[in-house]
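Worksheet: one structure, shown below.
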2 protein chains.
Amino acid sequence: MDCVRSRLPQAQRRTQLVSAALDIAIAEGIAATTIRRVAKRAGVALGVVHYCFADKDDLFVALAERIVTDLLGAASDAPGFDDAEDLAVALRCAVDGLWEGIEATRAAQLLTYEITAHALRNPALNHVAERQYAVSRAAVSALLSSAATSTRSAWLRPVDEVADEVLAMLDGITLRWLVDGDGVAARARLARFTDYVRTYAKTTRRRRKGSA
Amino acid sequence: MDCVRSRLPQAQRRTQLVSAALDIAIAEGIAATTIRRVAKRAGVALGVVHYCFADKDDLFVALAERIVTDLLGAASDAPGFDDAEDLAVALRCAVDGLWEGIEATRAAQLLTYEITAHALRNPALNHVAERQYAVSRAAVSALLSSAATSTRSAWLRPVDEVADEVLAMLDGITLRWLVDGDGVAARARLARFTDYVRTYAKTTRRRRKGSA
DNA sequence: GTCTATAGTTGGATAGAC
DNA sequence: GTCTATCCAACTATAGAC
């Protein structure tokens with residue numbers, strides 16, 4: 001609520017500038033996210049950005065970190081599986097939720113791929129790409145674990161491995177959807193794959209109908 | 001063999017310049033592929049590039065087309081499945097071949113994603129991304145068909161749909177491999193998925209051992 | 001028809017003012 | 001400690017020479 005004009009402490013400036021950078025990056029891509037544009041959008045002079053960030057890469061690192069943070073936040077907001085008794089249902093529910101989040105943020109998804117590519121080209125930014133994946137992996141892994149335990153099931157393989165496969169498929173489907181925009185086909189692919197993934201788990205004990 | 005110095009007809013210049021652009025793009029990424037760099041690499045003056053290509057986008061379109069052409073060429077070079085009798089074996093063989101081609105061209109794979117992202121951000125270049133996918137799809141589809149017929153099997157679902165799923169998984173696995181460089185894990189994921197895909201087909205008639 | 005020389009824009013970085 | 005004014009490099013594009 002307070003005024004964000006001038007003479008801000010560096011920490012606040014940084015978050016303000018990262019927000020501006022994120023806006024631009026989502027809307028117009030990483031190539032359009034120049035220091036000048038960020039400064040203009042934030043309403044500060046050009047040099048202010050250079051005062052807060054050592055160089056452009058430094059700004060990108062902060063931007064990537066913000067995206068990862070947002071992703072973590074979104075993942076923890078993910079609702080439970082209601083009262084799904086069946087693992088197949090729980091999985092579908094979880095994956096549908098994931099996909100809904102993806103489909104609602106097309107530009108942000110594209111940005112994620114752009115940042116990955118950018119990070120892979122720049123040796124100094126390699127850790128950014130790795131961190132992106134580590135966080136996504138952990139989120140999917142947690143989702144799979146949760147889906148299993150809440151339906152009294154167990155994964156027959158290391159859940160991290162399953163998560164890696166799910167993540168790969170999710171990435172591939174998302175990329176394809178970014179290109180052709182066919183959400184129906186994407187969901188169909190995802191549903192098929194989810195059914196397949198379900199075979200990696202067994203239900204340990206079947207809950208009786210009226211047990212709750 | 002002839003001299004490529006000066007006063008070349010436009011068509012030859014174009015292919016020469018696209019080759020130079022490809023070299024730079026593979027080695028340093030799309031962002032580093034500037035008109036100046038291309039001109040310098042090709043050993044021509046800056047304006048020559050602008051004479052051959054309307055603008056930078058025009059050059060990129062030609063570059064993307066070259067990559068697609070190369071991909072088509074590589075796909076048609078793909079060897080058969082030797083004398084695989086079993087569809088599972090044929091599929092593994094085909095997918096291994098695909099993967100080998102991917103793992104041998106890391107920078108080119110990364111470039112493909114960069115071009116996709118670039119094309120998705122630029123409305124005028126959307127068709128480039130679509131064409132990329134159309135070609136890959138067709139190649140995978142042909143491979144699946146060939147694998148089935150050569151082992152006297154048949155896909156129980158439209159082969160294009162299966163190809164789409166394979167392509168998605170392949171994309172996801174490739175992207176992941178670009179980030180973590182773990183070729184062993186990538187192959188393992190791919191093998192698992194291939195085994196799964198095999199369940200989408202049935203073998204129509206089993207060849208007798210000594211029938212050939 | 002092919003290429004050269006040059007103009008004009010945009011961008012990252014810094015020295016120094018307040 | 002925070003910000004302003006300025007510099008210089010790199011890029012795209014074009015007008016015009018050969």
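Per chain, numbering begins at 1; letters A, B, ... match sequence-line order.
Judged by distance alone, with hydrogens and angles left aside, A:Arg36 brings no side-chain donor or acceptor close enough to the base of C:dT10 to form a pair under 3.5 Å.
One finds no side-chain N or O of A:Arg13 lying less than 4.0 angstrom from the OP1 or OP2 phosphate oxygen of D:dG1. One finds a side-chain N or O of A:Tyr51 lying less than 4.0 angstrom from the OP1 or OP2 phosphate oxygen of D:dT2.
Within the 4.5 Å cutoff, the side chain of A:Thr15 has heavy atoms near those of the A:Arg66 side chain.
Between B:Arg37 atom CZ and D:dT12 atom P the separation is 11 Å, expressed in whole Å. Separating the CD atom of A:Gln12 from the C1' atom of D:dT2 is a distance of 13 Å, rounded to the nearest angstrom. Straight-line distance from the CD1 atom of B:Ile35 to the C1' atom of D:dC11: 8 Å, rounded to whole Å. The CG atom of A:Asp58 sits 10 Å away from the P atom of C:dA13 (whole-angstrom rounding). In this entry the distance linking NZ of A:Lys56 with P of C:dG12 reads 4 Å, nearest Å. Rounded to whole Å, atom P of D:dC8 lies 16 Å from atom CG of A:Leu46. Residue B:Leu59 contributes atom CG, which lies 12 Å from atom C1' of D:dT12 at whole-angstrom precision. Taking atom CD1 of B:Ile30 as the reference point, atom P of D:dC11 lies 15 Å away to the nearest angstrom.
Side-chain proximity of A:Leu8 to the nucleotides C:dC3, D:dC3, D:dT4 is greatest for D:dC3. Considering only side-chain atoms of B:Thr34, the nucleotide from C:dG11, D:dC11, C:dC18 that sits closest is D:dC11.
Residues B:Val140 and B:Val166 approach most closely at CG1-CG1, 3.9 Å, considering heavy atoms.
In this structure, a donor-acceptor pair under 3.5 Å is absent between the side chains of A:Gln10 and A:Arg13.
Side-chain atoms of A:Tyr113 come within 3.5 Å of backbone N or O of A:Asp171 as a donor-acceptor pair.
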